[in-house]
Amino acid sequence: MENKHPIVSFVFFIWMLYAVDFAKSAEKSLTMETYSKYHFRKTRISTKIKGASNHRRPSIPENFQGGQVDVCADIISPKWNMKKEGNSPCPELVVWVPKKTGFTEFVKVNQQSKIEGGFSIAVFCYALQRLPFKVQPIFKPFINEKGESNGTYDQLLQHIEGKTCEAVAGDVTIRASRTQYVDFTIPYMSSDVYMLVHAVHEWNQTLWTLLRPFTWRLWITIVGACIYTGVAVAFLEYRVGNPKFTAPILKRIIMVIWFPISTFFFHEGKILNKNSKVVLIMWLSMIFIVVQIFTATLSSWLTLDQLRPKVPSSFENAGYPDGSFLKDFIIKKYNCSGKNLLPLRTVEEYKTALSNGSINVVIHELPYIELFLAKYGSDFMKFGPLNQEFGNAFAFPHGSPLLNTFSRALINVTESDIMMELRKRYLGYHTPDESQHNQALPQSLDVHSFIGLFVFMGTLTVAVVISSEISIRQKNKKIVPVSNG
């Protein structure tokens with residue numbers, strides 16, 4: 001029995017070691033499994049949070065209606081508004097922008113009510129850049145809860161009435177009635193009122209078209225040159241005793257005009273003085289040159305196809321930009337009832353209304369009409385100006401501390417090359433002649449076009465007459481009188 005106890009004890013000890021080792025292995029396995037499950041759940045939760053965060057991030061600028069987006073940084077550069085030493089009266093400036101459905105070249109607000117820029121916004125940003133102090137603009141579209149325009153331009157200007165650090169940036173026209181709400185900067189773009197009408201082809205031919213290639217002074221000069229040639233020939237022939245020029249004075253005058261023509265074209269006259277042939281050849285050469293030039297110029301007049309604006313006799317069926325002051329302008333200027341006036345928004349609406357006959361004229365400001373003509377200028381023309389406006393400008397509340405300084409900065413922008421670059425970038429700069437495919441009237445030729453020819457012919461004719469007289473006198477001296485004795 002005593003020999004068995006050591007063996008049992010040894011076996012029991014080995015079994016206890018194995019049990020302890022198994023327990024540690026099981027605890028470690030349980031710990032790793034628990035950690036794996038916890039880590040997996042943590043990873044899934046973290047992924048969901050991160051995914052949710054990434055999903056919400058693009059909508060942040062939209063919730064602020066563009067107020068947190070630096071529009072000027074996209075237009076100029078990210079470092080456009082560097083640190084400046086001056087103290088700003090308005091460190092932050094709330095800038096209200098109209099939402100337009102047409103002519104977005106000036107102000108563009110997309111469907112998500114995010115301001116993307118435009119010509120007017122770009123000019124505003126460059127003026128801010130040239131201020132002596134830092135002003136951070138916060139652009140906000142003037143929209144309602146549905147994301148549509150919240151009213152007319154007058155209502156937009158009334159929205160900043162009585163405010164301090166707010167402004168309106170857009171294609172706002174300076175009007176006397178609007179100065180009761182706001183103060184305007186100097187204009188950055190002219191905006192005279194024009195009418196947009198159909199272009200009609202007109203053949204510019206009248207009873208006097210045949211005489212139009214030359215001016216009346218040139219016609220008188222040509223007739224005078226022919227009479228001058230006839231007088232010279234008559235004198236030369238008279239000196240050699242041509243019987244055609246020994247007739248009474250009335251017939252002599254007729255021969256002065258008729259003799260050069262009858263001699264060359266009808267072979268009726270007989271030339272006795274060789275010097276007369278020189279004068280007639282010069283006259284014929286002059287007539288040949290004049291006739292060739294006359295024929296070429298007359299061809300231009302006869303084939304001239306002119307585009308003319310078809311100005312209506314009545315303005316009852318006129319179109320105007322929706323929400324503009326031009327409706328009242330049409331009613332007052334043309335004594336319209338205003339019942340059939342059609343508000344329009346986009347360039348396409350302008351063309352459709354003019355093409356289908358809904359309206360016969362559109363009254364708008366010049367920059368917008370030029371944009372229309374750049375796209376549809378082949379069948380339409382502008383006519384005017386009908387009224388001279390001060391132009392387009394930016395608006396600030398009465399007593400704004402930024403108004404004067406901003407106007408000076410705006411002057412620097414309009415006088416620089418930046419203005420032309422912005423016109424090319426946003427408006428597509430073009431000259432008026434490119435938008436109007438209209439052939440200019442040919443120019444009537446004047447006396448100065450032939451002055452060299454007339455001087456040469458007159459001088460040479462005088463020289464021929466003098467030479468003829470010298471020759472006749474020499475012949476008379478050689479004749480010796482015969483004596484009767």
Side-chain angles (χ1 to χ4, degrees), residues 66-98 106-108 115 117-142 153-154 156-191 367 389-423 425-427:
Q68 298 299 320
V69 177
D70 194 350
V71 180
C72 294
D74 296 334
I75 295 174
I76 304 176
S77 67
K79 297 181 180 180
W80 75 275
N81 203 7
M82 299 176 64
K83 185 177 180 180
K84 301 175 183 178
E85 297 180 357
N87 295 326
S88 174
C90 293
E92 289 188 352
L93 179 66
V94 178
V95 184
W96 295 95
V97 177
F106 295 94
V107 177
K108 187 174 183 180
I115 301 170
F119 176 74
S120 300
I121 305 300
V123 174
F124 189 89
C125 288
Y126 275 100
L128 285 178
Q129 187 187 32
R130 301 204 174 195
L131 291 176
F133 42 77
K134 183 176 180 180
V135 175
Q136 181 62 43
I138 302 176
F139 289 95
K140 293 184 178 181
F142 187 63
Y153 276 58
D154 287 340
L156 171 59
L157 297 175
Q158 293 174 9
H159 184 73
I160 66 170
E161 186 179 8
K163 307 293 180 60
T164 302
C165 292
E166 294 194 9
V168 171
D171 50 341
V172 182
T173 304
I174 301 176
R175 301 285 295 173
S177 58
R178 292 173 174 175
T179 56
Q180 58 182 325
Y181 316 127
V182 294
D183 288 330
F184 290 100
T185 64
I186 59 107
Y188 63 89
M189 182 173 58
S190 61
S191 60
E389 300 293 333
F390 287 102
N392 290 351
F394 305 112
F396 286 85
H398 288 307
S400 173
L402 290 176
L403 179 63
N404 295 332
T405 309
F406 189 90
S407 292
R408 287 193 292 269
L410 187 56
I411 292 174
N412 293 330
V413 175
T414 55
E415 291 180 349
S416 65
D417 296 336
I418 295 175
M419 202 67 179
M420 187 59 66
E421 294 177 1
L422 295 179
R423 285 180 179 272
R425 185 193 309 175
Y426 294 100
L427 306 181

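Nearest heavy-atom pair, Ser190 versus Pro367, reported as atom, atom and distance to 0.1 Å: O-CG, 3.2 Å. Counting all heavy atoms, side chain and backbone alike, Cys165 lies closest to Pro89 at SG-O, 3.9 Å. Residue His398 comes nearest to Val182 through the heavy atom pair CE1-O, 3.2 Å, listed as atom of the first residue, atom of the second, then distance. The two atoms that bring Phe133 and Gly86 nearest to each other are CB-O, 3.5 Å, heavy atoms only. Considering every non-hydrogen atom in both Met419 and Val413, the closest pair reads CB-O, 3.8 Å. Residues Pro98 and Val107 approach most closely at O-CG1, 3.3 Å, considering heavy atoms.
Once rounded to the nearest 0.5 Å, the distance linking CD1 of Ile121 with CG of Leu422 reads 12.0 Å. Here the CD-OG distance, from Glu421 to Ser416, works out to 8.0 Å after rounding to the nearest 0.5 Å. Taken from OG1 in Thr414 to CG in Asn412, the straight-line distance is 7.5 Å, to the nearest 0.5 Å. Note that NZ of Lys163 is 13.0 Å distant from SG of Cys90, once rounded to the nearest 0.5 Å.
Counting heavy atoms from C-beta outward, Phe406 and Val135 have side chains that stay 4.5 Å or more apart. Residues Tyr426 and Ile75 form a side-chain contact, since some pair of their non-hydrogen atoms from C-beta on lies under 4.5 Å apart. Side-chain contact between Val168 and Leu157 is present, with heavy atoms from C-beta onward closer than 4.5 Å. A 4.5 Å side-chain heavy-atom check between Ile160 and Phe142 finds every atom pair outside the cut-off. Annotation: side chain of Ile174 is not in contact with side chain of Arg178 (no heavy-atom distance under 4.5 Å). Contact annotation: the side chain of Thr164 approaches that of Pro401 to within less than 4.5 Å [non-hydrogen atoms, C-beta and beyond]. Side chains of Cys125 and Pro137 form no contact here, defined as non-hydrogen atoms less than 4.5 Å apart. Here the side chains of Ile418 and Arg130 are in contact, with some heavy-atom distance below 4.5 Å.
With hydrogens and angles ignored, the 3.5 Å screen pairs no side-chain donor or acceptor of Arg175 with any backbone N or O of Asp154. Looking at Thr405, its side chain never comes within 3.5 Å of a backbone N or O of Leu402 through a donor-acceptor pair. Formation of a donor-acceptor pair under 3.5 Å by the Lys84 side chain with backbone atoms of Leu131 is found in this model. Proximity of a side-chain donor or acceptor of Asn392 to a complementary backbone N or O of Gly170 within less than 3.5 Å is not detected. Using modelled atom types, one side-chain atom of Ser88 and one backbone atom of Lys134 make a donor-acceptor pair closer than 3.5 Å.
Aromatic pair Phe124/Tyr188: ring centres not closer than 6.0 Å.
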Pair Tyr153-Asp171, side chain to side chain donor-acceptor pair (under 3.5 Å): steps then yes or no: CA-CA 9 Å; Tyr153 276 58; Asp171 50 341; 2.7 Å; yes
Working for side chain to side chain contact (heavy atoms under 4.5 Å, CB included), residues Met189 and Arg423: CA-CA 10 Å; Met189 182 173 58; Arg423 285 180 179 272; 4.1 Å; yes
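Judged by distance alone, the side chains of Glu161 and Tyr181 never bring a donor and an acceptor atom under 3.5 Å apart.
Atom CD of Glu92 is surrounded by 12 or fewer heavy atoms from other residues, nucleotides or ligands within 6.0 Å.
Checked against Phe394 for a side chain to side chain contact (heavy atoms under 4.5 Å, CB included), the options Leu410, Leu403, Val172, Ile186 give a single hit: Leu410.
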